[in-house]
Amino acid sequence: MEQENDWDRDLLLDPAWEKQQRKTFTAWCNSHLRKAGTQIENIEQDFRDGLKLMLLLEVISGERLPKPERGKMRVHKINNVNKALDFIASKGVKLVSIGAEEIVDGNAKMTLGMIWTIILRFAIQDISVEEHNQPLICSSNSWKDGLAFNALIHRHRPDLIDYDSLRKDDPVTNLNNAFEVAEKHLDIPKMLDAEDIVGTLRPDEKAIMTYVSCFYHAFSGAQKAETAANRICKVLAVNQENEQMMEDYEKLASDLLEWIRRTIPWLEDRTQEKTVNDMQAKQEDFRDYRTVHKPPKVQEKCQLEISFNTLQTKLRLSNRPAFMPSEGRMVSDINSAWHTLEGAEKGYEEWILSEIRRLERLEHLAEKFHQKAAIHESWTDGKEAMLTQKDYETSTLSEVKALLRKHEAFESDLAAHQDRVEQIAAIAQELNELDYYDAASVNARCQKICDQWDTLGTLTHNRKDSLERTEKQLESIDELYLEYAKRAAPFNNWMEGAMEDLQDMFIVHNIDEIQGLITAHEQFKATLPEANKEREAIQSIQAEVQKIAQSNGIKLSGANPYTTITPESIDNKWEKAMAMVPQRDKALQGELNKQNSNDTLRATFATQANAVGAYIQAKMEEIGRISIEMNGTLEDQLTHLKEYQQTIMSYMPEINKLEGHHQHIQEALIFDNQYTSYTMEHLRVGWEQLLTTIARTINEVENQILTRDAKGISQEQLYEYRASFNHFDKVRGVCLVPVICRRLPNLLPIRGDGEFNRIMGIVDPNGTGSVTFQAFIDFMSTETTDTDSADQVIASFKILAGDKNFITAEELRRELPPDQAEYCIARMAPYTGPDAAPGALDYMSFSTALYGESDL
């Protein structure tokens, strides 16, 4: 500190030097005072009251001085100056022959000496030449030609100085060029005049040193700013990449949820169709959805989970808070929506199959209803006219008796038709219960038949009463005609029923059902000999009538008075019935062949399904073993897993083959399969789970690689972590918390229960009693590596801001790359502190928000 004592030995300054010092020191003081919004004009006058002197010391030191006295009296000024001098002395500076009274009195030489002492302490003392580690020594003559100033600027900012164009014989131009460039581009005020330096034999050394120190601080600050900018760029790059991944996740999640939202209403639509063909068209649309539209969405869902896991790993590695997707877009929300979608799929498929069964049943019942109704209407045609005629009023006794017997036969026939009417009503009721689309016309026809049946019953009862009243006057009866009628009517009804049964449609779903129909048909054929005997007996009665009439010379009218059933009609119906028997045999045999074919389809599907089910189960178990027993580097493990994934994907043709068998079964309307316990839905879900499991395992290894590279973990450390984890692995990929945490002292020192509980809170935050390998390796890597922090980023921004508590957009654009500067400007909140300036930005809250310590 020899320079500090110069003022004791030399109280008289060279006038030229004094002028240079006055101008240089004034400019130097103003370069700091402007930070506080003030300046000085006359260095010996403006420091007399001590106020601006104390303010100058506060600005350059960054410390608070005692509160100044605001009085105007000399004692107040002396006290303020003494406070400033005491502060200077507290910094280890010896002030010799400089007293407060000289400063208050405006002693120029003492004032300049005091300012020089301040400059030495706060601007020059700590400057050292990097190569020799020696204090900065200025030779004032070496700066006279101006080349040194230009060289100093060109060394750090070659873009500002064209050094080769300078001439040593033109010092004024050289000096002015350096002073102007420093003031314009480096924010260093002009402290010297070129003419004064050139016109002086030996320029003032203190003025030169003061001005040169400003270059040191300017370039030193630029180097710190560059380092700070690099750190901020690194942090912002990580943050921008994470934000892009978040945006990609949000978009993919939104698209997938929107597709699910649009698809579920379609799957929940239960609009009924009128025909089986219409429902089969819906079934074909659903099959296209399953094979064409859904598989890409399964891939998107898997990719979404992988992206989410990768993003969370990157956030943990960069010491950022975990990513929380928008409300309703969590992985759990997507899984829940997917589960709802699969439930809707299952319900829709079951509904389609049940609707096809219902419509088949409806079509069968409708055809059966109209067939029975047509037969009944044909039978009832003319019956009302017959029952309302008055023919018995003019008939003879024998004719009345014949009419009465004929009526009794009709009653028998009517009773036999009662069962058919009840069947027609029962079928109509079932059609209504099954919501048949043309139920209105069925109900109308059924009501007409029932009303007509009631009318026939009433008319039958009335005619019988009339005939019985007339019978008392009539006695003769033809027993043979009556016997014929009584036996012919049931037989005729039996034949009509048999013909009806032989023409009846049937629907069966398995071999047992068709075998039951064949057995019933065989039983019916076994009754035909007895039926033929009854037919021959009925025909013999008519033959006996002819024999008696011929033998007794009776002239017959040609018609049986008791029945309209003739022997010819019985023979005709018998022949028709006999012709229908082989047709029925052929139809039953055809259905038996169809059911045998369906049984073959069941067996084919079952064989493939059992093979696929066993494959999926074996691969799921094998993946579990691989994830625990993998050896080699992580890259080798990843390659092995991807090859294993390709092996599994090569099995896809077998799945497609099974889908083909399943399609054949559905087209054949086969609804059960006794040869296998697997369903197509069960195998689809198992296959999707297998693909998802291998993808998750690959993603886990990728995240381990990402963790290793980001944290600098060696391959040997990963082996050690995996070996320790696998030793206590009770469930695949999960260890019990107490076991693994008590093992940690071998890898990481644990001091007491408090430290143990802290570790448990990190690796098992939910208190589940288990630890995943990813959580374990994240903890170990976090404990053994260093990461950026909010405080480090704040310190970097403070350097860029020139030690201010805020930063401006201009400073950000100057120090950072354009895209990252604009990124900061768009997200930084305005600074509202007491020292705020126009356009001030709050870099502290921005830095803490990057690490989740506040809201961005």
Could you measure the distance from the [atom1] atom of [X] to the [atom2] atom of [Y]? Nearest 0.5 Å is fine.
X	Y	atom1	atom2	answer
L502	M495	CG	CE	12.5 Å
Q452	L459	CD	CG	10.0 Å
F410	T460	CZ	OG1	4.0 Å
D454	I449	CG	CD1	12.0 Å
E350	E681	CD	CD	9.0 Å
C302	E688	SG	CD	10.5 Å

(message) Could you check whether atom NZ of K525 has more than 12 heavy atoms from other residues, nucleotides or ligands sitting under 6.0 Å from it?
(response) yes
(request) For E360, look at atom CD and say whether over 12 heavy atoms of other residues, nucleotides or ligands are found less than 6.0 Å away. (result) yes
Does any non-hydrogen side-chain atom of [Y] lie less than 4.5 Å from one of [X]?
X	Y	value
N532	P529	no
M680	R684	yes
H664	F605	no
I623	L690	yes
L588	H521	yes
K486	T563	no
T676	N673	yes
R584	F524	no

I'd like to know if the side chain of [X] and the backbone of [Y] have a donor-acceptor N/O pair within less than 3.5 Å.
X	Y	value
Q503	M499	yes
D269	P265	no
S378	A374	no
S336	D333	no

Tell me the closest heavy-atom pair linking [X] and [Y], and the distance in Å.
X	Y	value
H293	W259	O-CZ2, 4.1 Å
Q539	P567	OE1-CB, 2.8 Å
I334	A253	CD1-CB, 3.7 Å
I352	Q283	CG2-CB, 3.8 Å
L365	I427	O-CG2, 3.4 Å
Q583	A579	CG-O, 3.6 Å

(request) Using the side chain to side chain contact (heavy atoms under 4.5 Å, CB included) rule, take R463 and T388 through it: C-alpha gap first, then chi angles, then the decisive distance, then the call. (result) CA-CA 7 Å; R463 181 172 177 81; T388 56; over 6 Å; no
(message) Taking side-chain hydrogen bond (donor to acceptor under 3.5 Å, both in side chains) as the criterion, tell me which of H376, K372, Q418 meets it with Q423.
(response) K372
(message) For Q608, run the side-chain hydrogen bond (donor to acceptor under 3.5 Å, both in side chains) check against H661, E659, E654 and tell me which one passes.
(response) E654
(request) Output, in order, the C-alpha distance, side-chain angles, deciding distance and verdict of side chain to side chain contact (heavy atoms under 4.5 Å, CB included) for H662 and Q666. (result) CA-CA 6 Å; H662 182 63; Q666 287 190 321; 3.3 Å; yes
(message) Quick check on the 6.0 Å ring-centre criterion: do H417 and W453 meet it?
(response) no
Taking [X] first and then [Y], would you say they form a salt bridge - that is, a charged N and a carboxylate O separated by under 4.0 Å?
X	Y	value
R261	E258	yes
K533	E536	no
R602	D599	yes
K448	E377	no

(request) Could you go through the salt bridge (Lys or Arg N to Asp or Glu O under 4.0 Å) check for E500 and R420 one step at a time? (result) CA-CA 11 Å; E500 195 174 324; R420 179 178 288 113; 3.0 Å; yes
(request) Take the angle between the ring planes of Y651 and W687 and call it parallel below 30°, perpendicular above 60°, tilted in between. (result) tilted
(message) Over 60° means perpendicular and under 30° means parallel, so tell me whether W266 and Y348 are parallel, tilted or perpendicular.
(response) tilted
Indicate whether the side chain of [X] and that of [Y] have a donor and an acceptor atom separated by less than 3.5 Å.
X	Y	answer
N443	Q447	no
Q303	Q299	no
D413	N493	no

(request) Dump the intermediate steps for side chain to side chain contact (heavy atoms under 4.5 Å, CB included) on N610 and Y675, then the final yes or no. (result) CA-CA 9 Å; N610 291 335; Y675 299 117; over 6 Å; no
(message) Between K346 and E342, is the salt bridge (Lys or Arg N to Asp or Glu O under 4.0 Å) condition met? List the steps.
(response) CA-CA 6 Å; K346 182 179 180 182; E342 292 181 334; over 6 Å; no
(request) Check the pair R535, D571 against side chain to side chain contact (heavy atoms under 4.5 Å, CB included), reporting the backbone distance first and the verdict last. (result) CA-CA 8 Å; R535 181 184 69 83; D571 286 342; 2.9 Å; yes
(message) For E667 and Q663: C-alpha separation, side-chain torsions, deciding distance, then whether side-chain hydrogen bond (donor to acceptor under 3.5 Å, both in side chains) applies.
(response) CA-CA 6 Å; E667 290 172 351; Q663 181 177 350; 3.1 Å; yes
(request) Using the side-chain contact (heavy atoms from CB on, under 4.5 Å) rule, pick out the option among E284, R290, K282 that qualifies with F286. (result) R290
